Amino acid sequence: KPVGGEVRMRIFICDDEEIFREEEKRICEAYFGDKEEVEIIQGCSGKDVIAYGQPVDILLLDIDMPKMDGIEIKDALQEIGEEIPIVFITNHEERMREAFGKNVIGFVDKGKMEEEIPRFLGQINRLYTFRWIEGEDGERYNSREVNYIKTDGRNYIRLYKKDGESVLLRRHMKEMQLLLEEVDFLFVHREYLVNMREITKIEKTALWIGDTEIPISVRKSHMVKETYQAFRRKRMRYQ
């Protein structure tokens, strides 16, 4: 696990053969280098993947494994609602058609891992970009952990986080909009800036993040709909 910073990306490598796990780990470490805050987890079975219980940004998954193969793991994750981007690592091209699915972003031949794994790491790295939001007394908040931001008085905003906490900061909404617009936050109302990754439902005059209803400005309604649709199309290219 990286030292000195929060995890930026978490990669899970699952293969029943240690030699391949270690080779994939080496390739990932070489791609990101020492400056990135990346955590790499290894597992040798489907049970390890299902039981892990932490957010995973990319799963490098062997297709051919005993007891529970990669395709069964993919199906089990989908059944429980885990939308983890999966790259299958395989020597069995004949099983690729069987392995396609909602969260499968590609396939890598075990003989070409050195060339092909970095391509998928690049895709996921671009998709999961984030910004640090500077708080009081040196605190920092990862934008990926924020559901939405709301104004709280003239000179303050409040971050509403995934863990249920809210944090009051002395910041202007315009400042947050400029900081976060490149990492999929959308200004939907003069009081609200939302993380599009967390939207669960959207209508003409409101959207929902979980059970929280957030208003959409009438004059922004068309723009919000178009921007969100473009965001969904972008994400679907990797799922």
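Hydrogens, waters and symmetry mates play no part in the numbers below; they use all other heavy atoms, side chains included. Everything numeric in this text was worked out from a predicted model, so none of it was measured.
- When atom types are taken as modelled, the side chain of His172 and the backbone of Lys174 share no donor-acceptor pair closer than 3.5 angstrom.
- Atom CG of Asp16 and atom CG of Asp62 lie 5.5 Å apart (nearest 0.5 Å).
- Contact detail for Arg26 and Glu23: the closest heavy-atom pair is NH2-OE2, 2.7 Å.
- Nearest approach of Ile216 to Ser221, heavy atoms of both residues: CG2-CA, 3.9 Å.
- Side-chain contact between Cys14 and Asp48 is absent, with no heavy atoms from C-beta onward closer than 4.5 Å.
- Relative to the six-membered ring of Tyr141, Lys161 misses at least one condition, a distance below 6.0 Å or an angle of at most 45° to the axis.
- If you take CG on Asp109 and CD1 on Ile117, they are separated by 10.5 Å, rounding to the nearest 0.5 Å.
- The two atoms that bring Phe107 and Glu116 nearest to each other are O-OE1, 3.8 Å, heavy atoms only.
- Counting heavy atoms from C-beta on, the side chains of Arg197 and Phe231 come closer than 4.5 Å.
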Under the side chain to side chain contact (heavy atoms under 4.5 Å, CB included) rule, what do Leu121 and Val87 come out as? Steps first, then yes or no, please. CA-CA 10 Å; Leu121 294 177; Val87 174; over 6 Å; no
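- Smallest separation of non-hydrogen atoms from Met65 and Ile73: CE-CD1, 3.4 Å.
- The environment of CG in Asp163 is crowded: more than 12 heavy-atom neighbours from other residues, nucleotides or ligands sit within 6.0 Å.
- Here CG of Leu60 is found 5.0 Å from CD1 of Ile89. Values are rounded to the nearest 0.5 Å.
- Rounding to the nearest 0.5 Å gives a distance of 6.0 Å between CD1 of Ile86 and CG of Leu61.
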Mind running side chain to side chain contact (heavy atoms under 4.5 Å, CB included) on Trp208 and Glu203 for me, showing each step along the way? CA-CA 9 Å; Trp208 282 259; Glu203 294 181 352; 3.8 Å; yes
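- Relative ring orientation between Tyr148 and Tyr192 is described as tilted, the plane-to-plane angle lying within the 30° to 60° band.
- Summarising the geometry of Ile40 relative to Glu29, their closest heavy-atom pair is CD1-CG, 3.7 Å, with the distance given to 0.1 Å.
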Step by step, work out the side chain to side chain contact (heavy atoms under 4.5 Å, CB included) result for Ile124 and Ile11. CA-CA 10 Å; Ile124 296 299; Ile11 301 168; over 6 Å; no
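- Remark: side-chain polar atoms of Ser166 are not paired, donor with acceptor, to backbone N or O of Tyr160 under 3.5 angstrom.
- Salt-bridge formation is detected for the pair Lys162/Glu198: a Lys NZ or Arg NE/NH1/NH2 atom is positioned less than 4.0 Å from an Asp or Glu carboxylate oxygen.
- The pair Asp64-Lys110 does not meet the salt-bridge criterion, since no charged nitrogen lies less than 4.0 angstrom from a carboxylate oxygen.
- The side chain to side chain contact (heavy atoms under 4.5 Å, CB included) test with Val108 singles out one residue from Met113, Arg119, Glu24, Glu114, and that residue is Met113.
- The two atoms that bring Met68 and Gly46 nearest to each other are SD-CA, 3.9 Å, heavy atoms only.
- Looking at Ile58 and Phe12, their side chains never come closer than 4.5 Å, going by heavy atoms from C-beta outward.
- No side-chain heavy atom of His189 sits less than 4.5 Å from a side-chain heavy atom of Ile214.
- Residues Arg190 and Thr151 have side chains not in contact (no heavy-atom distance under 4.5 Å, counting atoms from C-beta outward).
- Here Asp69 contributes atom CG and Asp75 contributes atom CG; the two are 8.5 Å apart, rounded to the nearest 0.5 Å.
- Of the inter-residue distances, the one linking Glu22 atom CD with Ile27 atom CD1 reads 11.5 Å to the nearest 0.5 angstrom.
- Both Met223 and Met196 are assigned to one and the same hydrophobic cluster, defined by single-linkage of ILVMFWY side chains at heavy-atom distances under 4.5 Å.
- Exactly one residue among Lys225, Glu226, Lys220 makes a side chain to side chain donor-acceptor pair (under 3.5 Å) with His222. That residue is Glu226.
- Arg10 contributes no side-chain N or O that, together with a main-chain N or O of Ile41, makes up a donor-acceptor pair within less than 3.5 Å.
- Between Leu59 and Leu77, some side-chain heavy-atom pair lies under the 4.5 Å cut-off.
- Linking ILVMFWY residues whenever their side-chain heavy atoms come closer than 4.5 Å, directly or via other members, places Ile19 and Ile13 in the same cluster.
- None of Arg171, Arg170, Lys150 except one satisfies the side chain to side chain contact (heavy atoms under 4.5 Å, CB included) rule with Ile157; the exception is Arg171.
- Partners of Arg21 according to the salt bridge (Lys or Arg N to Asp or Glu O under 4.0 Å) rule, which considers only residues two or more places apart in sequence or in another chain, do not exist here.
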Dump the intermediate steps for salt bridge (Lys or Arg N to Asp or Glu O under 4.0 Å) on Glu182 and Arg131, then the final yes or no. CA-CA 9 Å; Glu182 293 184 358; Arg131 295 288 182 271; 3.4 Å; yes
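- Contact annotation: the side chain of Asp57 approaches that of Arg144 to within less than 4.5 Å [non-hydrogen atoms, C-beta and beyond].
- Inter-residue side-chain proximity for Phe185 and Val146 is flagged as met; some heavy-atom pair is nearer than 4.5 Å.
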